[in-house]
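One is the number of the first residue; the rest follow in order along the sequence.
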Amino acid sequence: VLSCSCLPDLREDDEPPCTAENKQVIERQCNVLKSDKFKVCHSLVNPDDFIEICIYDMCQYDGMKSALCDIVQVYVDTCKNHGITIKWRNSTFCPLPCPSRSHYKDCVSPCPSTCSDIFASSLCEKTEECTEGCECDDNYVLSNGNCVPLSSCGCRDDDNNYYSVSSLKRKSLTSELV
């Protein structure tokens with residue numbers, strides 16, 4: 001006869017390292033997950049565990065807002081895995097930092113326009129699979145991960161090879177020297 005028994009867990013519960021007044025402020029912030037904005041997901045994903053983790057992490061990191069934003073992102077991602085999309089970021093609540101000449105959108109194309117393919121976003125397969133992210137401002141497109149003015153883009157030759165402005169300048173300088 002084989003008998004297995006587990007040892008009791010005698011460790012003390014790990015309380016978040018918060019002062020009483022600090023904990024109240026942090027609890028209010030983490031309870032955003034109980035707000036109407038997230039209500040559509042509550043029946044599928046209970047926010048209570050996420051709130052508990054949020055409180056612990058924010059206490060641990062002295063109220064650092066990125067801890068709140070990270071746990072809200074995890075909750076939203078979990079909801080998305082259950083088929084529910086929640087638009088939750090804005091310019092004041094957990095804004096996504098975007099590089100210069102770009103802005104945040106809750107639904108960006110998976111095929112952004114680039115210097116080498118300025119029509120990519122309009123020709124991209126139209127699916128509902130968009131994601132939040134940064135999009136170049138009007139009259140700017142991506143080039144090597146940066147938003148650049150359309151006028152800074154190069155061109156394509158008859159064989160559809162793309163040449164950046166800098167490579168064209170080098171070519172013209174080289175041909176002038178030859």
Side-chain angles (χ1 to χ4, degrees), residues 26 29-30 32-33 35-41 44-45 47 50-51 53-54 57-58 60-178:
I26 287 171
Q29 291 174 331
C30 292
V32 70
L33 288 174
S35 71
D36 287 345
K37 186 176 289 274
F38 302 96
K39 195 176 201 168
V40 66
C41 189
L44 295 171
V45 181
F50 293 86
I51 291 169
I53 293 166
C54 176
D57 287 356
M58 284 191 71
Q60 184 71 36
Y61 297 108
D62 201 26
M64 194 165 63
K65 288 280 192 266
S66 62
L68 170 65
C69 296
D70 288 347
I71 198 68
V72 172
Q73 181 67 64
V74 171
Y75 184 78
V76 168
D77 289 345
T78 306
C79 292
K80 191 169 187 162
N81 290 340
H82 284 81
I84 295 177
T85 301
I86 300 172
K87 296 177 181 177
W88 62 282
R89 288 187 195 270
N90 61 43
S91 60
T92 57
F93 185 71
C94 299
L96 199 64
C98 290
S100 62
R101 297 180 294 270
S102 69
H103 56 277
Y104 169 79
K105 281 187 77 176
D106 56 21
C107 183
V108 296
S109 169
C111 316
S113 296
T114 64
C115 274
S116 59
D117 189 357
I118 59 170
F119 300 110
S121 61
S122 59
L123 299 174
C124 184
E125 281 292 317
K126 297 292 182 202
T127 65
E128 291 185 33
E129 285 302 314
C130 64
T131 183
E132 67 175 355
C134 299
E135 181 177 79
C136 290
D137 295 339
D138 287 343
N139 298 315
Y140 286 84
V141 294
L142 275 179
S143 178
N144 296 326
N146 297 312
C147 293
V148 299
L150 270 170
S151 58
S152 295
C153 291
C155 58
R156 292 189 174 278
D157 65 15
D158 293 338
D159 296 324
N160 207 28
N161 295 312
Y162 177 76
Y163 298 95
S164 66
V165 171
S166 59
S167 70
L168 291 171
K169 286 179 184 174
R170 278 194 303 273
K171 259 189 184 175
S172 68
L173 283 175
T174 308
S175 61
E176 287 174 16
L177 295 173
V178 175

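- Put simply, the side chain of Asn90 does not reach to within 4.5 Å of the side chain of Pro95, judged on heavy atoms.
- With sequence neighbours excluded, no residue forms a side chain to side chain donor-acceptor pair (under 3.5 Å) with Asp158.
- Here the side chains of Val148 and Cys115 are in contact, with some heavy-atom distance below 4.5 Å.
- Atom SG of Cys111 and atom CG of Asp117 lie 9.0 Å apart (nearest 0.5 Å).
- Among residues two or more places apart in sequence or in another chain, the side chain to side chain contact (heavy atoms under 4.5 Å, CB included) test is passed with Ser102 by Cys98, Pro99, Cys134, Cys147.
- Legend: residues meeting side chain to side chain contact (heavy atoms under 4.5 Å, CB included) with Pro149, ordered by chain and number and at least two apart, are Tyr140, Ser151, Ser152.
- With a 6.0 Å radius and a threshold of 12 heavy atoms from other residues, nucleotides or ligands, Asn144 has its CG atom at or below the threshold.
- From Cys30, atom SG reaches atom CD1 of Ile51 across 7.5 Å, with rounding to the nearest 0.5 Å.
- Side-chain contact check for Cys136 versus Arg101: every heavy-atom pair is 4.5 Å or farther apart.
- Rounding to the nearest 0.5 Å gives a distance of 9.5 Å between CG of Asp57 and OG of Ser66.
- The side chain to side chain donor-acceptor pair (under 3.5 Å) search around Ser35 returns none, not counting sequence neighbours.
- The stretch residues 66-76 participates, sequence neighbours left out, in no salt bridge (charged side-chain N to carboxylate O under 4.0 Å, His left out) pair at all.
- Legend: residues meeting side chain to side chain donor-acceptor pair (under 3.5 Å) with Ser143, ordered by chain and number and at least two apart, are absent.
- The two atoms that bring Lys37 and Ile86 nearest to each other are O-CG2, 3.6 Å, heavy atoms only.
- Applying the salt bridge (charged side-chain N to carboxylate O under 4.0 Å, His left out) test to residues at least two apart or on different chains, the pairs with a partner in residues 135-154 are Lys105-Glu135.
- Looking at Val141 and Thr114, their side chains never come closer than 4.5 Å, going by heavy atoms from C-beta outward.
- With Cys54 as reference, Leu68 is the one residue of Val32, Leu33, Leu68 to meet the side chain to side chain contact (heavy atoms under 4.5 Å, CB included) rule.
- Annotation: side chain of Met58 is in contact with side chain of Gln29 (closest heavy-atom distance under 4.5 Å).
- Within a 6.0 Å sphere centred on CZ of Phe93, heavy atoms belonging to other residues, nucleotides or ligands number more than 12.
- Not counting sequence neighbours, the partners of Asp62 by the side chain to side chain contact (heavy atoms under 4.5 Å, CB included) test are Asn22.
- When the side chain to side chain donor-acceptor pair (under 3.5 Å) test is applied to Tyr104, the partners found at least two apart in sequence or on another chain are Glu132.
- Under the ring pair (Phe, Tyr, Trp, His ring centres under 6.0 Å) criterion, Phe50 pairs with Tyr75, not counting sequence neighbours.
- To the nearest 0.5 angstrom, Ile84 atom CD1 is 4.5 Å from Cys41 atom SG.
- Evaluation of the side chain to side chain contact (heavy atoms under 4.5 Å, CB included) rule for Asp77 yields Gln73 as partners, not counting sequence neighbours.
- In this structure, Val45 and Phe38 have side chains that are not in contact, with every pair of non-hydrogen atoms separated by 4.5 Å or more.
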